[in-house]
Chemist: 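Can you read through this structure? Questions will come right after.
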Amino acid sequence: MKSLEFPIVGTKVKGLTKSFDLSSPVERKKYFDAKVGDEIKTIKKYLKKGTFIAYFLGKKNSGKGTYSKLITEIFGEDKIAHVSVGDAVRELTSKDYKKVEKHYRGYVSFDECIKRFEGRSTQGALLPTEFILALLKYKISTLSGKAIFIDGLPRDMDQVSYSLYFRDLINYREDPDLFILIDIPERVIDARIKDRVICPKCNTSRSTKFFITTKLDYDEKAKKFYLLCDNPDCPGAERMVPKEGDELGIEPIRERLVKDEEILRKVFELHGVPKVLLRNHVPADQAKKYFDEYELTPEYILSWDAKDKKVKVSQKPWKMKDDNKTESYSLMAAPVVVGLIKQLVEALEIN
């Protein structure tokens, strides 16, 4: 199935030749100031008196959490909150039941919802949408004065009753609302899963191809490279290992990805609510026109220097074919967020 056609929102600034290290928080601040400094000031001015609710919609592993963290990094946790439906369900405890019940309206009794919740699977598949809505209302009620990015609703086609569910939430807060849709090729998701490794002690996650650590190792006998955990809070520089099943890539979640695609297409057709359209990738023949090279996702190539007994690292922009079979480059998270900020100003109609 061909992907939806989202416009390319470039980041190039005329006369700006400096490159930035997008892995450094200090450098990222300089980067965002250089690329969208005026837009950031505009939104910060808006947030002094106003708030909004944005719904992040994208396929599993499309980067919603990462983009939300960068937005919070720019505007501050006191102004913007990221609400994950999955996290809200996992964090719900019995002391919150009465508070959630105050917001509940549905065809299943609240006691029955609690029974399902306490006996649920990790995905919470049996929880009624009305219960999830009540939980979100409770969660949002604790975030007075903050703009909110919601991640995880809708999760199924039976939740795509926008005028009821989303507008219900918005009226509760009386905030402007908008959808943020993410277009990401399945090839990117597949690679992120297959090349993911984690620290067995602290669970820090990295990628052997796209997000390596500063410490590397090579087993000459096994002829295999390893990333060593460089989390300063980790008790030791452990060899990072793949998660069981990651070698299968997207195959175990293909049904979920198909469902996510259906929901994206349904929301794309929705009228009456502003939409921010984010691309995780750019056609290779247009990349130089819209982006600087350091904004393209790098592919790290590791080699072993037997003479000096050390791992050498080189890199190049990672090229792959998107869902439309177009040769493309994947984008780093920061330039995607630049596009989000540019469109956010327009969607909120602020200047």
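Any value given below was found using the heavy atoms of this structure, including those in side chains, with hydrogens, waters and symmetry copies removed. FYI, the numbering just counts along the sequence from 1.
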Chemist: Checking Glu101 now: which residues fulfil salt bridge (charged side-chain N to carboxylate O under 4.0 Å, His left out) with it, not counting sequence neighbours?
Modeler: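 Per chain and number, Glu101 pairs via salt bridge (charged side-chain N to carboxylate O under 4.0 Å, His left out) with Lys98.
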Chemist: Taking only Lys NZ, Arg NE, NH1 and NH2, and the carboxylate oxygens of Asp or Glu, determine whether Glu346 and Lys342 approach each other closer than 4.0 Å.
Modeler: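 Answer for the salt bridge query: no.
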Chemist: Applying a strict under-4.5 Å side-chain criterion to I, L, V, M, F, W and Y, I'd like to know whether Val9 and Val337 cluster together.
Modeler: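 No, because Val9 and Val337 fall into different hydrophobic clusters, even though each may have its own neighbours under 4.5 Å.
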Chemist: Should the pair Arg254-Glu186 be classified as a salt bridge under the 4.0 Å nitrogen-to-oxygen rule?
Modeler: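 Glu186 and Arg254: salt-bridged.
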Chemist: Between Asp177 and Tyr55, is any side-chain donor less than 3.5 angstrom from a side-chain acceptor?
Modeler: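 Judged by distance alone, the side chains do not pair up.
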Chemist: Got a donor-acceptor contact below 3.5 angstrom from the Thr213 side chain to the Asp230 backbone?
Modeler: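 No: the side chain of Thr213 does not pair with the backbone of Asp230.
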Chemist: Under 4.0 Å between a Lys/Arg side-chain N and an Asp/Glu carboxylate O for Lys194 and Glu247?
Modeler: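 No.
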Chemist: With clusters defined by side-chain heavy atoms of hydrophobic residues (ILVMFWY) lying less than 4.5 Å apart, directly or transitively, does Leu296 cluster with Phe211?
Modeler: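 Looking at the clustering, Leu296 is in a separate group from Phe211.
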Chemist: Does Arg90 pair with Asp87 as a salt bridge, N-O distance under 4.0 Å?
Modeler: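 Between Asp87 and Arg90 there is a salt bridge, with a charged N closer than 4.0 Å to a carboxylate O.
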Chemist: Using the ring pair (Phe, Tyr, Trp, His ring centres under 6.0 Å) rule, collect all pairs that involve residues 256-296, keeping only residues at least two apart or in two chains.
Modeler: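 Only Phe6-Phe268 qualify under ring pair (Phe, Tyr, Trp, His ring centres under 6.0 Å).
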Chemist: Between Lys309 and Glu220 (salt bridge meaning N to carboxylate O under 4.0 Å), is one present in this structure?
Modeler: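 Glu220 and Lys309: salt-bridged.
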Chemist: Is a side-chain donor-acceptor pair under 3.5 Å present for Asp175 with Thr51?
Modeler: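 There is such a pair between these side chains.
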Chemist: State plainly whether the residues Glu295 and Lys35 are in salt-bridge range, i.e. N to O under 4.0 Å.
Modeler: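 Answer for the salt bridge query: yes.
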Chemist: Spell out, as yes or no, whether a donor-acceptor pair under 3.5 Å connects the side chain of Arg279 to the backbone of Ile182.
Modeler: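 No, the answer is negative, given that no donor and acceptor are paired below the 3.5 Å cut-off.
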Chemist: Apply side-chain contact (heavy atoms from CB on, under 4.5 Å) to Phe131 and Val108, showing your working.
Modeler: CA-CA 9 Å; Phe131 179 81; Val108 177; over 6 Å; no
Chemist: So, do Lys137 and Lys102 sit near enough that their side-chain heavy atoms are less than 4.5 Å apart?
Modeler: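 Lys137 vs Lys102: side chains apart.
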Chemist: Under the salt bridge (charged side-chain N to carboxylate O under 4.0 Å, His left out) test, which residues partner Asp183, sequence neighbours left out?
Modeler: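 Partners of Asp183 by the salt bridge (charged side-chain N to carboxylate O under 4.0 Å, His left out) criterion come out as none, since no residue qualifies.
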Chemist: If you measure from the Lys or Arg side-chain nitrogens to the Asp or Glu carboxylate oxygens, is any gap between Glu261 and Arg265 under 4.0 Å?
Modeler: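 Yes.
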Chemist: May I ask you to check whether over 12 heavy atoms, not counting those of Lys41, lie within 6.0 Å of atom NZ?
Modeler: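 No, the 6.0 Å shell around NZ holds no more than 12 heavy atoms from other groups.
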Chemist: Does CD in Glu27 sit with more than 12 non-hydrogen atoms of other residues, nucleotides or ligands closer than 6.0 Å?
Modeler: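 Count over threshold, so yes.
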Chemist: Is the side chain of Lys275 donor-acceptor paired with the backbone N or O of Leu270 at a distance under 3.5 Å, no angle test?
Modeler: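 Yes; at least one donor-acceptor contact below 3.5 Å.
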Chemist: Other hydrophobic cluster members with Ile212, side-chain heavy atoms of Ile/Leu/Val/Met/Phe/Trp/Tyr under 4.5 Å, chained?
Modeler: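 Traced through the cluster, Ile212 reaches Val197, Leu216, Tyr218, Phe225, Leu227, Met240, Tyr300, Leu302, Trp304, Val311, Val313.
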Chemist: Salt bridge check: are Lys312 and Asp305 linked by an N-O gap of less than 4.0 Å?
Modeler: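 Result for this pair is yes, salt bridge flagged.
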Chemist: Using 4.0 Å as the upper bound for N to carboxylate O, is an ion pair formed by Lys319 and Glu299?
Modeler: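 So Glu299 does not pair with Lys319 through a salt bridge.
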Chemist: What do you reckon, are the aromatic ring centroids of Trp318 and Phe210 less than 6.0 Å apart?
Modeler: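 Close enough - the centres of the two rings lie under 6.0 Å apart.
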Chemist: Does the distance from a Lys or Arg side-chain N to an Asp or Glu carboxylate O, for Arg187 and Asp323, drop under 4.0 Å?
Modeler: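 A salt bridge is absent here (no side-chain N lies under 4.0 Å from a carboxylate O).
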Chemist: Tell me, please, whether Phe20 has Lys18 positioned over its six-membered ring: NZ or CZ under 6.0 Å from the ring centre and within 45 degrees of its axis?
Modeler: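 Judged by the rule (NZ or CZ under 6.0 Å from the ring centre, within 45° of its axis), Lys18 counts as positioned above Phe20.
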Chemist: Which other residues belong to the hydrophobic cluster containing Val241, where Ile, Leu, Val, Met, Phe, Trp and Tyr are joined when side-chain heavy atoms lie under 4.5 Å apart, directly or via other members?
Modeler: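 Taking Ile, Leu, Val, Met, Phe, Trp and Tyr as members, Val241 stands alone, with no cluster partners.
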Chemist: State plainly whether the residues Glu130 and Arg105 are in salt-bridge range, i.e. N to O under 4.0 Å.
Modeler: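 Between Arg105 and Glu130 there is no salt bridge, as every charged N stays at least 4.0 Å from the carboxylate O atoms.
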Chemist: Check for a donor-acceptor pair, side chain of Asp219 on one end and backbone N or O of Lys223 on the other, with a separation under 3.5 Å.
Modeler: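 Side chain of Asp219 to backbone of Lys223, a donor-acceptor pair under 3.5 Å: no, none is there.
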Chemist: With ILVMFWY side chains joined below 4.5 Å, transitively, what does Ile301's cluster contain besides itself?
Modeler: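 Members alongside Ile301: none; it stands by itself.
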Chemist: Answer yes when Asp111 and Lys115 have at least one side-chain N-carboxylate O distance shorter than 4.0 Å, and no when they do not.
Modeler: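 The answer is no: the pair does not qualify as a salt bridge.
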Chemist: Is there a side-chain contact (heavy atoms from CB on, under 4.5 Å) between Glu238 and Cys199? Walk through the geometry before answering.
Modeler: CA-CA 6 Å; Glu238 296 289 319; Cys199 174; 3.9 Å; yes
